[in-house]
Structures are given as structure tokens and as C-alpha cells.
Amino acid sequence: MGDNIRVMIPEEEVDQKIAELGRRISEDYAGSSVHLICVLKGSIFFTCELAKRITIPVTLDFMSCSSYGSGTVSSGVVKIVKDLDEPIEGRHVIVIEDIIDSGRTLSNLLQILSARKPASLALCTLLDKPDRRVIPVEVDYTGFEIPDEFVVGYGLDYDQKYRNLPYVGVIEN
Ligand code: IMP
Ligand code: MG
């Protein structure tokens, strides 16, 4: 370890926000059910907490993608590393993301999923960095809009570390 982490969003605020998102989703889909798609690995913590706060029937599936690109710039050409276990045709799907940055990976992923003919397709993200957007994406549920800083915690990693922090923080050396 050895890195200094400054708290950007404390645990209590994240918890409150997730409860609020869970309430909104439960109201918006009242009388129906939702199929949550967790995009591994970053969204795993958010997905679990959110699912617990939704009061209508929930099913879960997982997928893992990698985007081809050079260095830190994602090309947006998505390669599915692990596909969903079940078809999504006719289901009310919500894609759960940890963070939306350039939007490249996500817009590609949404195209792939909408081709599978879900009844509806929505997007829920814990964090959004709107200043970084290159490809516009329509976000239905946003936890927090944050400035253009590299954040860790609550599923987000730096070199695979810090995913397990219960808050969102910034590495300061
Ligand atoms: P993009 O929207 O295609 O540029 O890529 C989004 C992905 O980049 C996210 O799913 C994260 O894996 C990663 N990412 C973007 N910003 C951050 C950050 O601040 N901390 C950790 N990972 C990030
Ligand atoms: Mg990552």
C-alpha cells in the first residue's frame, strides 16, 4: 500500500445515494421486474448494494468486457471477455456501471445489448465524469457527477488495487 487516499465521497453519502437510486428504480419499474447487468469488475460492489435497495423483483447477470486501445485511451471497440449467461430478449434491462468516462466502452456495449432486443434498456452509473465525455451516452440514473480526477474505491481500481475501499477516494502521493 503506502499511498495516501483523500476521501472524495464518504461511505455514508455513497450509501444514502444508492438507497435513493434503489427507491427511484423501484418506483419507475413498479409492477414489473428488472434485470441488472453488472459490468465486471468495477461495478460489482455498486450492483450488490443497489440490488439490496430495490424492492421489486430483481434478477442479475454479469459480463466482462475489454476495450482495445493503446495505453490509457480506450478505443471503444469492445471485446466481450465473459458474456451474459442468459438471453435478455423481452426483459427490462438496466446496465450497472461504476463510472462513465469517455463513454466509448459503454456506447459500444449498449449497441451490442440493444441488438438482443430487450423490452427496455436503461443505464445506471455510480459516478459520471461529464467533462471527459467523447461519445454522448444517455444516462438514466446517476449517483454522483465528479470532476476529472482519477478515483478509486467502491469497485474502482488503480492497477487492480483499492476496489474494496468503502468510499470513493483520490490517490495523493
Ligand atoms: P470509457 O468510458 O470507455 O473511457 O472507460 C470507462 C472505464 O474506464 C471504466 O469502466 C473504468 O474501468 C475506467 N475508469 C475511468 N475513469 C476511472 C477512474 O477515475 N478510476 C478508475 N477507473 C476509471
Ligand atoms: Mg479499471
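Quick note: numbers below take in every heavy atom, side chains included, and nothing from hydrogens, waters or symmetry partners. Every value quoted in this text rests on a predicted model; they were computed, and no experiment measured them.
Residues V39 and S64 are not in side-chain contact: their nearest non-hydrogen atoms beyond the backbone lie 4.5 Å or more apart. Contact check for I5 versus V170: no side-chain heavy atoms found under the 4.5 Å cut-off. The side-chain heavy atoms of K82 and M63, taken from C-beta on, include no pair separated by under 4.5 Å. Side chains of L84 and F62 form no contact here, defined as non-hydrogen atoms less than 4.5 Å apart. Counting only heavy atoms from C-beta outward, the side chains of N108 and I135 never approach each other to under 4.5 Å. The shortest distance between side-chain heavy atoms of K41 and D98 does not fall below 4.5 Å. Contact check for P118 versus R91: no side-chain heavy atoms found under the 4.5 Å cut-off. No side-chain heavy atom of Y167 sits under 4.5 Å from any side-chain heavy atom of I9.
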Residues 48-55, side-chain donor-acceptor partners within the protein, below 3.5 Å, at least two apart:
residue, atom, partner, partner atom, Å
E49, OE2, K52, NZ, 3.3
T55, OG1, S26, OG, 3.3

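Checked against side chain to side chain donor-acceptor pair (under 3.5 Å), D83 has the following partners two or more places apart in sequence or in another chain: R116. S120 meets the side chain to side chain donor-acceptor pair (under 3.5 Å) test with H92; sequence neighbours excluded. Here Y158 pairs with F150, V152, Y162, I171 under the side-chain contact (heavy atoms from CB on, under 4.5 Å) rule; sequence neighbours left out. When the side chain to side chain donor-acceptor pair (under 3.5 Å) test is applied to Y29, no partner is found at least two apart in sequence or on another chain. For P147, the side-chain contact (heavy atoms from CB on, under 4.5 Å) partners two or more places apart in sequence, or in a different chain, are M8, E149.
Relative to the ring axis of F144, K17 places its NZ or CZ within 45° and under 6.0 Å from the centre.
The nearest pair of heavy atoms linking G90 to A119 is O-CB, 3.3 Å. Nearest heavy-atom pair across F46 and I96 is CD2-CG2, 3.4 Å.
With hydrogens and angles ignored, the 3.5 Å screen pairs no side-chain donor or acceptor of D131 with any backbone N or O of D148. Of the possible donor and acceptor atoms, none in the side chain of R132 sits under 3.5 Å from a partner among the backbone N and O of D128. Between the S102 side chain and the V134 main chain, no donor and acceptor come within less than 3.5 Å of each other. Here the side chain of S43 pairs no donor or acceptor atom with the backbone of L40 at under 3.5 angstrom.
With rounding to the nearest 0.5 angstrom, the CG atom of L121 is 11.0 Å from the NE2 atom of H35. Atom CD1 in I37 sits 12.5 Å away from atom SG in C124 (nearest 0.5 Å).
Between the side chains of D28 and Y141, at least one donor N or O sits under 3.5 Å from an acceptor N or O.
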Worked check of side-chain contact (heavy atoms from CB on, under 4.5 Å) between V93 and V34: CA-CA 6 Å; V93 169; V34 284; over 6 Å; no
Run the side-chain contact (heavy atoms from CB on, under 4.5 Å) check on T105 and L109 step by step: do they pass? CA-CA 6 Å; T105 313; L109 179 63; 5.5 Å; no
Trace of the side-chain contact (heavy atoms from CB on, under 4.5 Å) decision for E97 with L123: CA-CA 8 Å; E97 269 287 2; L123 175 61; 4.3 Å; yes
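Each of D61, I94, I25 was evaluated against L36; a single residue qualifies, I94, per the side chain to side chain contact (heavy atoms under 4.5 Å, CB included) test.
In the displayed structure, E138 atom CD is contacted under 6.0 Å by at most 12 heavy atoms of other residues, nucleotides or ligands.
No salt bridge links D3 with R6; every basic N to acidic carboxylate O contact stays at or beyond 4.0 Å.
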